[in-house]
4 protein chains.
Amino acid sequence: MMVIMHESATAEQVAHVVARVEEVGASAHVSTGERVTVIGVIGDREELTALPLEAMPGVERVVAILKPYKLVSREFQAADTVVDVRGVKIGGGHFAIIAGPCSVETAAQVMESARAVKAAGGLLLRGGAFKPRTSPYAFQGLGEEGLKMLAEARDETGLPIVTEIMDPRDLDVVCRYADVVQIGARNMQNFLLLAEVGQLDKPVLLKRGLSATIEEWLMAAEYVVKGGNRDVILCERGIRTFETATRNTLDLGAVAVAKLTSHLPVVVDPSHAVGKWDLVAPMAKASVAAGADGLLIEVHSNPEEALCDGEQSLKPKAFKQLMDEMRPIAQAVGRDI
Amino acid sequence: MMVIMHESATAEQVAHVVARVEEVGASAHVSTGERVTVIGVIGDREELTALPLEAMPGVERVVAILKPYKLVSREFQAADTVVDVRGVKIGGGHFAIIAGPCSVETAAQVMESARAVKAAGGLLLRGGAFKPRTSPYAFQGLGEEGLKMLAEARDETGLPIVTEIMDPRDLDVVCRYADVVQIGARNMQNFLLLAEVGQLDKPVLLKRGLSATIEEWLMAAEYVVKGGNRDVILCERGIRTFETATRNTLDLGAVAVAKLTSHLPVVVDPSHAVGKWDLVAPMAKASVAAGADGLLIEVHSNPEEALCDGEQSLKPKAFKQLMDEMRPIAQAVGRDI
Amino acid sequence: MMVIMHESATAEQVAHVVARVEEVGASAHVSTGERVTVIGVIGDREELTALPLEAMPGVERVVAILKPYKLVSREFQAADTVVDVRGVKIGGGHFAIIAGPCSVETAAQVMESARAVKAAGGLLLRGGAFKPRTSPYAFQGLGEEGLKMLAEARDETGLPIVTEIMDPRDLDVVCRYADVVQIGARNMQNFLLLAEVGQLDKPVLLKRGLSATIEEWLMAAEYVVKGGNRDVILCERGIRTFETATRNTLDLGAVAVAKLTSHLPVVVDPSHAVGKWDLVAPMAKASVAAGADGLLIEVHSNPEEALCDGEQSLKPKAFKQLMDEMRPIAQAVGRDI
Amino acid sequence: MMVIMHESATAEQVAHVVARVEEVGASAHVSTGERVTVIGVIGDREELTALPLEAMPGVERVVAILKPYKLVSREFQAADTVVDVRGVKIGGGHFAIIAGPCSVETAAQVMESARAVKAAGGLLLRGGAFKPRTSPYAFQGLGEEGLKMLAEARDETGLPIVTEIMDPRDLDVVCRYADVVQIGARNMQNFLLLAEVGQLDKPVLLKRGLSATIEEWLMAAEYVVKGGNRDVILCERGIRTFETATRNTLDLGAVAVAKLTSHLPVVVDPSHAVGKWDLVAPMAKASVAAGADGLLIEVHSNPEEALCDGEQSLKPKAFKQLMDEMRPIAQAVGRDI
């Protein structure tokens, strides 16, 4: 890292920083410019992270040179990670559509939606049994009962299940049913939950937080991989900005950046990003063209009966049409839907 | 609420919305304008929340008329809530300085910081034993060992303890030591944790999320109060914006809005908001003038040895000076430091 | 519009609002709910805009029902506007690539870049002679000399010219050379300039402001169309958010929203949005798939000699490859490159 | 500056950057770390600004060491600039209240508002004759007729006039009446206008743009000072964020940062920042406590007749009360109201 000193920093202050750096076994190289002194620091990442350089007298700011994540970076692993979910592959050219209702509401609703997903060519079934809701007065999900409904739909259709976990105490019950464990946007920095799913031998779908930088998102993935679980699927789902015409602002630049800097597969959830069903199709197509490895799409057999996010769900027919329209785009960017 | 129909909505679509509204026992009043039809809906909040009006054909958007929170609103309770922490009062004109190190590191550091806080007139001691850290390679806190150090400092100084909880599984151990349980910004929408602390008979300090709207912050408080715990202290700590010169953007407008719309006490954490010790004093003074009921300030006996956020910590001497400078401002706005 | 009264509003306050509304010839319909009164107001848009309803005693907030723009809306004109630039069509299924250097630097640079654009299939030539620069110490553009270089390149290649105007006093000189007049992001709310280009009989390319909502962007277009100039091309170029990994955050949801709510053609500038040449190609493809009517791409014959934005410019070879890769995507969404 | 190379950068790429740097007369110092090479560059600011280092092969990113502004920095001038407006001083401990209506509407309204400002202790009169309005259908200001009304109010009350300029073609007429020329938020990066007011011998009040960083704001001031006009007053007026409960988010951290890094006086406009009259008073007090050198407050003799921003204007009585409440706070931070 580089320690940039204030213009007014004294020689003693520079010497003090150098001494503290050397105390932790790192080396310091001082460059004295006409107006500003810069100290280049080389040493162990963890030791240096713990050193409060910015609190030292005379320090203006500290600039990191190396990326703060390691295991999830392209430098660490050049080849794309391919996640295998009961035979369905995601990443490395394999494209997967994950679709289904926002929340599990009834056995019939899940089964009908699963059939529609299967019929249109979807490869995984999504559905929430534990739901994070802004309002304590809103429907909070069916819990294990909902997970059983998902499992029944899997039994019939063969589609593996992607479902959210919110509470570390639910790990056992969720893992009994889920094929992919989803960490929602609001839990992207629930570091204890990240550490727990890092112990699993099931893939983790990690949604980007509403206001998380790409770097923080990759750091959250680093928590999981550091725990031993290498099967992380990143999911861009829109960030919070000043724009209110869409529910969130879909950040496809983040997909391109994540694909360049990390080997992990990246999928996109256009439904939550835009929040209106009639904007989902153009954003789904754009995601494919931007190089995503898959999509998470809300499909509901009857959106206007939905207890959650009905306004952003596609009906089976619209979903089928979208699947057909995406195929040539996927082909054009070397993906196979 | 108001359902605003598309300009192209048909009479059938209007009738369908009315029918669905009436099905859940609510009433609908149709206003037909020259170009647009608006349907006023009056009925039970919870029933209506579950009705996916925006997913219905012909609906352009839905506008809420009533605020989505109830128990925390001024309409529900006009008088200020006064939270009592072992005799220290916050709210209703009572102003409290909560100060101490970001993270508990050593017994000596906590004790020295606590003495400095006490000597300068601080009323509560803050310190983190469980730390949410963006990097898995950063110091994660001392856990129960740290809580014990805080308790020792309380034994000597008499200052009650404010400390963060991150994991519902730690509730027992944290409650064994803490006088106020803090919910951090990254957990503001950890709804399970909110529900758990809603069961406690200890005050909860609820930090605003990095990208949480004021309404979402109040909804998070509603989760706690709905659980039965009325002693919630709101804490503004800066929001994430495009500006990078400060760590976050301190939103004092949120303090003014929260004081107008809610009866709960509101404190401000200027240290996390700006992230640089030399900006803390002006922001602390501004917070007092804006009408806050207290401050959360990082004080460290030796910031450049800090394992966390040393760059934003005040030394005891600077903290003492700030306390002195704030007194006349507090007096000017009817608060007593 | 809807005037939502405070819960505590008195009957006199309601009556006062109604009286003021009726004074300007509009009509008011009062709905009294259990807790809140709402006043529906129907009348002339301009009269009502001038009425400070939110300043009246007892008013909580005012909700607009109708969109604030008219001439640029789909409701006003259902069919896509097709802009014709010397025979090159944009909109209504016609897709146009506008490419060239960020700033005009030398005659050779412009000519070489123009040839590369032409050879790869670009339809219009872009290049800035008047440059808005954050720093007064940065290169500010060649002025009329630069416009002449663009005209020479047009003479040889036949590509019409898109170039920026910043100062109303430059209208004559810019119009002498330009085929499309560009309003930059920083001038999107330079209302005098908008009024001036509203008088032209040349197409206007209107970039979205860094922090402009979609609605404000369409309002800016309304200024131009209201002046009499119907040939407005909207251009999404990224918005400012907290994310720093890309120069701006490309908001493709805005393209989808603008296409739904307005009849004007929408193009995308991926180069300014992401700010790094290796992210331009995926964002260009995503823009095509999202339904854009064209692209504005920075192409420079020798980016590392560029005086402006070299890091985001494509070399001729990379541009050619991108053009080839975009064709099947364009075809898949009914556009012809 | 520091050029940080990619991990994969070759020795040739490093040598190429060094060669290009030396070509423009600057010097380069190469530091080769275990994984990354960093090139320190020292030389002339303007020459280096024009060098597209980020476009060169192998370059990961470029980090600036020096601030990009010079004339407005504390390093260039340690002592506070004190702006003198017809004897009213702003900066260096002198605090000034600038108040008046958002827009000039009638002679009586201006005169009454001016009298109220004067009576309460305000030192300058604000009022807009040329108004930037989002909608082409909104009131656009009275132009020179409005300026005359302001001048009449000055004649009677002795309050100098602060008024906005939007169009460089209006410079003569505005300067005929104005004592301080205001550049609005939407024109903060209207670089031609900045250059023009840099030629004046009248003070300039420069509002921060809605989404301008503090650095960009200071760069805009640098444009003016570079032109020869040293009398620039910076004005924080809220930035655009995701929060919608207030019109903008008042960024008082920006005031503290600007006071630390620049010698220019900084005033705050709480009225535009929050957009609701009942939030103006707490934000005004907070601004004083944060160290501002003055305030810009909307005062209207009859807000509900206002043609612009009536909802955020104080009535004379509320303004008088606010003035009284601010005095002890100003005193506490060493300012004299």
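Residue numbers start from 1 in every chain, and the chains themselves are labelled A, B, ... in the order their sequence lines are given, proteins ahead of strands.
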Can you name the closest pair of heavy atoms from A:F242 and C:R240 and give their distance?
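Of all heavy-atom pairs spanning A:F242 and C:R240, the closest is CE2-O, 3.8 Å.
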
Between chain C and each of A:A212, A:G238, A:S287, count heavy-atom pairs under 4.5 Å; write down the option with the most.
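Highest number of heavy-atom pairs under 4.5 Å: A:A212.
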
What residue in C:G291, C:S211, C:A330 has the most heavy-atom pairs under 4.5 Å with chain A?
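The residue among C:G291, C:S211, C:A330 with the greatest pair count is C:S211.
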
CD/C:E60: more than 12 non-hydrogen atoms of other groups inside 6.0 Å
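For C:E60, atom CD is crowded (more than 12 foreign heavy atoms under 6.0 Å).
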
Going from CG on C:L279 to CG on A:L252, what distance comes out if it is rounded to the nearest 0.5 angstrom?
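Spacing of CG (C:L279) from CG (A:L252) equals 12.0 Å.
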
For chain C, find which of A:T213, A:L260, A:L250 contributes the most heavy-atom pairs closer than 4.5 angstrom.
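It is A:T213.
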
Crowding at CD, C:E7 (>12 non-hydrogen neighbours, <6.0 Å):
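Atom CD in C:E7 is packed in, count exceeds 12.
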
Distance, nearest 0.5 Å, that separates OG1 of C:T249 from CD1 of A:I239
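One finds 4.5 Å between OG1 of C:T249 and CD1 of A:I239.
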
Please report the closest heavy-atom contact between C:G253 and A:M283, naming both atoms and the distance.
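In this case the closest contact between C:G253 and A:M283 is N-SD, 3.5 Å.
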
Counting only non-hydrogen atoms closer than 4.5 Å, does A:V333 touch chain C with its backbone (N, CA, C, O), its side chain (CB onward), both, or neither?
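For A:V333, side-chain heavy atoms alone lie under 4.5 Å from chain C.
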
For side-chain contact (heavy atoms from CB on, under 4.5 Å), just list the numbers for C:V274 and A:V257, CA-CA rounded to whole Å, side-chain angles, deciding distance to a tenth of an Å, and then say yes or no.
CA-CA 10 Å; C:V274 291; A:V257 170; over 6 Å; no

Report yes or no: does A:E243 contribute a side-chain atom to a donor-acceptor pair with the main-chain N or O of C:I214 at less than 3.5 Å?
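Indeed, once roles are kept as given, a pair shorter than 3.5 Å links the two residues.
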
Which one, C:A286, C:A292, C:P282, C:P328, leads in non-hydrogen pairs under 4.5 Å with chain A?
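Going by pairs under 4.5 Å, I would pick C:A286.
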
So A:I329 and C:V288, side-chain contact (heavy atoms from CB on, under 4.5 Å) or not? Walk me through it.
CA-CA 10 Å; A:I329 301 172; C:V288 176; over 6 Å; no

